[in-house]
Amino acid sequence: MEMTDGCLFCEIQKEEDEALVGILLRGKHWFVILNSFPYTNGHLMIVANRHIGSLGDITPGEGAELVEYLALCEKALEGAYSPDGMNIGVNKGASGGAGIVGHIHFHVVPRWTGDTNFMTALAETRVVSEELEGSWKRLHPYFE
């Protein structure tokens, strides 16, 4: 049985104003959204439409669309931000660092040589120079 009560990702999909919540793309199985608490400018998440918590629960159709969206996010971030690299991955469970536990989602984080990631580790501070609205406007054309 799928437990969706109180799940932020289940609720956020109901919002029709995509810019308001940072949704850049809605697909059959996944949606792409800006992370509300980004590590860097352009930090994206690819979130399952249905409430699933494990990689083993991803169907073949969901898997195919996920890979398509990972590539699309990579291309969009390269076009919009020209990063030196990217972190792409999933945090599963609270102990694994998941901020939203129980609803699988993948992070696509642009990175630059000498960026400010050390600030999070040393000072519990994130340095992000662009507001989410600006990131949405910059990235949205890549998802139209």
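- Of the candidates I33, N49, I23, N49 is the only one forming a side chain to side chain contact (heavy atoms under 4.5 Å, CB included) with Q13.
- Scanning both residues, P110 and P83, for their nearest heavy atoms gives CB-CB, 3.7 Å.
- Within the model, atoms NE2 of H43 and CZ of F37 stand 12.0 Å from one another, a figure rounded to the nearest 0.5 Å.
- Between D57 and I104 the shortest side-chain heavy-atom distance does not fall below 4.5 Å.
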In a table with atom names and distances, give each donor-acceptor pair under 3.5 Å that connects a side chain of residues 61-71 to protein atoms at least two apart or in another chain.
{"from": "E62", "atom 1": "OE1", "to": "R50", "atom 2": "NH2", "distance (Å)": "3.2"}
{"from": "E62", "atom 1": "OE1", "to": "T59", "atom 2": "N", "distance (Å)": "2.8"}
{"from": "E62", "atom 1": "OE1", "to": "T59", "atom 2": "OG1", "distance (Å)": "3.3"}
{"from": "E62", "atom 1": "OE2", "to": "R50", "atom 2": "NE", "distance (Å)": "2.6"}
{"from": "E65", "atom 1": "OE1", "to": "H29", "atom 2": "N", "distance (Å)": "2.7"}
{"from": "E65", "atom 1": "OE1", "to": "W30", "atom 2": "N", "distance (Å)": "2.9"}
{"from": "E65", "atom 1": "OE2", "to": "K28", "atom 2": "N", "distance (Å)": "3.2"}

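- Here the closest non-hydrogen pair linking A76 and L139 is O-CD2, 3.9 Å.
- Put simply, the side chain of E130 reaches to within 4.5 Å of the side chain of Y81, judged on heavy atoms.
- Legend: side-chain hydrogen bond (donor to acceptor under 3.5 Å, both in side chains) pairs involving residues 91-102, not counting sequence neighbours: none detected.
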One pair to check against side chain to side chain contact (heavy atoms under 4.5 Å, CB included): F143 and L72. What are the steps and the verdict? CA-CA 8 Å; F143 293 94; L72 180 59; 3.7 Å; yes
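- Taking NE2 of H103 as the start and SG of C7 as the end, the distance is 5.5 Å to the nearest 0.5 Å.
- Contact of the H107 side chain with the M45 side chain is registered, since non-hydrogen atoms from C-beta on lie closer than 4.5 Å.
- F106 is not connected to V101 by any chain of hydrophobic side-chain contacts under 4.5 Å among Ile, Leu, Val, Met, Phe, Trp and Tyr, and they are in different clusters.
- With respect to V109, the side chain to side chain contact (heavy atoms under 4.5 Å, CB included) criterion is satisfied by exactly one of N87, L77, I88: N87.
- Counting heavy atoms from C-beta outward, I100 and V47 have side chains that stay 4.5 Å or more apart.
- Atom NE2 of H105 is separated from atom CD1 of I52 by 12.0 Å, given to the nearest 0.5 angstrom.
- We find that K75 and E78 are not joined by a salt bridge, their nearest charged nitrogen and carboxylate oxygen being 4.0 Å or further apart.
- Among residues two or more places apart in sequence or in another chain, the ring pair (Phe, Tyr, Trp, His ring centres under 6.0 Å) test is passed with Y142 by none.
- In E15, the CD atom is crowded: over 12 heavy atoms of neighbouring residues, nucleotides or ligands sit closer than 6.0 Å.
- Taking both residues in full, the closest heavy atoms of L34 and L132 are given as CD1-O, 3.5 Å, listed atom of the first, atom of the second, then distance.
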